[in-house]
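Both ligands and their constituent atoms are indexed starting at 1 by order of listing.
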Amino acid sequence: MGAPGSGKGTQAELVARRRSLAHISTGEMLRAAMAAGTVLGRRVKEVVERGDLVDDALMLEMVEARLSEPDARKGFLLDGFPRTVPQAESLLRVLGKDGRTLDMVLVLSVSDAEILKRNLARGRADDTEQTIRYRLEVYRKQTEPVLAYLRAEVPVAEVDGTGAVEEIAGRIDRVLDAAHPA
Ligand code: AMP
């Protein structure tokens with residue numbers, strides 16, 4: 001977990017590769033659907049572009065399907081999901097049906113000022129300053145409570161998300177190695 005622009009996508013990719021986990025990025029899945037112009041993509045476009053969250057039921061359906069694929073059965077890393085408390089509750093319920101759970105929640109901590117700077121530099125289509133501020137507000141309001149909810153269920157580790165990509169990756173590796181030796 002981490003605010004939009006915290007570097008979670010970059011770090012998730014590195015962790016997933018190193019540990020042979022299925023990298024499940026809901027943001028990437030939605031962007032792919034929008035780029036391909038699928039029914040789903042056209043349905044979510046407006047919501048994503050204004051920085052709001054896509055409907056919980058739709059997101060859960062998408063993630064549940066992905067989690068049942070063979071690669072994800074061997075181990076997965078969720079990137080950008082869950083983003084609301086109902087998503088988190090449903091996720092644990094869905095995993096529990098198969099006797100699965102989350103081993104750990106990793107949070108990348110980055111200050112608001114740094115987040116703004118990074119997002120503006122990133123230049124994605126949904127990255128205007130107004131949208132960035134709005135997404136940050138959505139994160140504080142809807143996604144931070146997820147952390148409080150998950151803390152009661154799963155080990156949570158917070159990692160300093162500032163510095164060079166490799167430096168941050170090193171911090172994450174140390175946390176994961178301590179909890180789950182590769
Ligand atoms: P991300 O790449 O994770 O920052 O996601 C980009 C955008 O996709 C977000 O601003 C949301 O509009 C949408 N999105 C991604 N993941 C979710 C989710 N779990 N729930 C709702 N909307 C999501």
Side-chain angles (χ1 to χ4, degrees), residues 1-16 21-69 72 76-95 102 105-112 114-150 153-154 156 159 161 165 168 172:
M1 286 183 62
S6 60
K8 68 179 153 52
T10 304
Q11 295 299 332
E13 208 171 305
L14 293 172
V15 170
L21 302 170
H23 177 195
I24 305 179
S25 162
T26 46
E28 281 301 330
M29 289 164 91
L30 293 172
R31 279 190 290 280
M34 293 191 302
T38 63
V39 174
L40 171 82
R42 276 178 278 142
R43 220 169 115 192
V44 302
K45 194 169 192 295
E46 204 183 306
V47 172
V48 171
E49 282 179 353
R50 68 166 186 261
D52 266 315
L53 296 183
V54 173
D55 167 75
D56 284 338
L58 192 67
M59 292 309 301
L60 186 73
E61 199 180 310
M62 207 167 111
V63 170
E64 190 172 4
R66 182 67 187 89
L67 281 171
S68 68
E69 287 174 31
F76 59 85
L77 188 152
L78 287 164
D79 164 7
F81 185 96
R83 253 184 166 90
T84 66
V85 172
Q87 285 181 14
E89 288 169 343
S90 308
L91 173 66
L92 293 183
R93 182 174 42 76
V94 161
L95 290 172
L102 297 176
V105 176
L106 265 169
V107 186
L108 277 180
S109 322
V110 179
S111 73
D112 282 10
E114 176 73 14
I115 289 285
L116 266 172
K117 202 172 84 186
R118 286 190 195 178
N119 278 286
L120 284 171
R122 185 166 71 164
R124 215 167 66 186
D126 55 345
D127 282 350
T128 64
E129 179 161 358
Q130 194 189 359
T131 315
I132 294 163
R133 284 189 194 281
Y134 186 65
R135 279 207 309 265
L136 199 53
E137 201 183 302
V138 168
Y139 182 79
R140 300 280 179 245
K141 273 200 200 128
Q142 303 193 63
T143 306
E144 269 185 359
V146 173
L147 207 52
Y149 168 79
L150 286 176
E153 311 284 334
V154 185
V156 174
V159 173
V165 169
I168 302 163
I172 293 174

Practice task
Taking only heavy atoms of Thr26 into account, list the atoms of ligand 1 that are under 4.0 Å away from them.
Solution key: 15 (C), 16 (N), 17 (C), 19 (N)
Practice task
Output, in order, the C-alpha distance, side-chain angles, deciding distance and verdict of side-chain contact (heavy atoms from CB on, under 4.5 Å) for Met1 and Tyr139.
Solution key: CA-CA 10 Å; Met1 286 183 62; Tyr139 182 79; 4.2 Å; yes
Fill in the blank from the handout: Judged by heavy atoms only, the candidate from Asn119, Asp55, Val48 nearest atom 7 (C) of ligand 1 is Val48
Problem - Donor-acceptor pair, side chain of Arg83 and main chain of Gly80, under 3.5 angstrom - result: yes
Practice task
Please verify whether a non-hydrogen atom of Lys8 lies at under 4.0 Å from ligand 1.
Solution key: yes
Problem - Rounded distance (nearest 0.5 Å) linking atom CZ of Phe76 with atom CD1 of Ile24 - result: 6.5 Å
Exercise for the section: Out of Glu49, Arg31, Met29, indicate the one that has the non-hydrogen atom closest to atom 2 (O) of ligand 1. Expected result: Arg31
Problem - Taking atom 13 (C) of ligand 1 as the reference point, the nearest protein heavy atom with its distance - result: Leu30 CD1, 3.4 Å
Exercise for the section: Keeping the roles fixed (side chain from Asp79, backbone from Glu13), state whether a donor-acceptor pair exists under 3.5 Å. Expected result: no
Exercise for the section: Identify, for atom 22 (N) of ligand 1, the protein heavy atom at the shortest distance, and state residue, atom and that distance. Expected result: Val54 N, 3.0 Å
Fill in the blank from the handout: In this structure, atom 19 (N) of ligand 1 is nearest to the protein heavy atom Gly80 O, 2.9 Å
Exercise for the section: Distance to 0.1 Å, residue and atom name: give those for the protein heavy atom nearest to atom 11 (C) of ligand 1. Expected result: Asp52 O, 3.5 Å
Fill in the blank from the handout: The single option from Thr143, Leu53, Asp52, Asp127 that satisfies side-chain contact (heavy atoms from CB on, under 4.5 Å) with Arg135 is Asp127
Problem - Value rounded to 0.5 Å, distance of CZ in Arg118 from OG in Ser6 - result: 7.0 Å
Problem - Selected option - heavy-atom contact closest to atom 1 (P) of ligand 1, from Gln142, Arg83, Met59 - result: Arg83
Exercise for the section: Compute the shortest N/O to N/O distance between Glu28 and ligand 1 and return yes if it is under 3.5 Å, no if not. Expected result: no
Problem - Which atom of Asp56 lies closest to which atom of Pro86, heavy atoms considered - result: OD2-CB, 3.5 Å
Fill in the blank from the handout: Rounded to the nearest 0.5 angstrom, the CD-CG distance for Glu153 and Leu91 is 11.0 Å
Problem - Short N or O distance, Pro82 and ligand 1, threshold 3.5 Å exclusive - result: no
Practice task
Please confirm whether Gly51 comes within less than 3.5 Å of ligand 1 when only nitrogen or oxygen atoms on both sides are compared.
Solution key: no
Fill in the blank from the handout: Counting from 1 in the order shown, the ligand 1 atoms closer than 4.0 Å to a non-hydrogen atom of Gln87 are 18 (C), 19 (N), 20 (N), 21 (C)
Fill in the blank from the handout: Among non-hydrogen protein atoms, atom 10 (O) of ligand 1 lies closest to Arg135 CD, 3.3 Å
Fill in the blank from the handout: Correct closest heavy-atom pair for His23 and Ala16 would be CB-CB, 3.7 Å
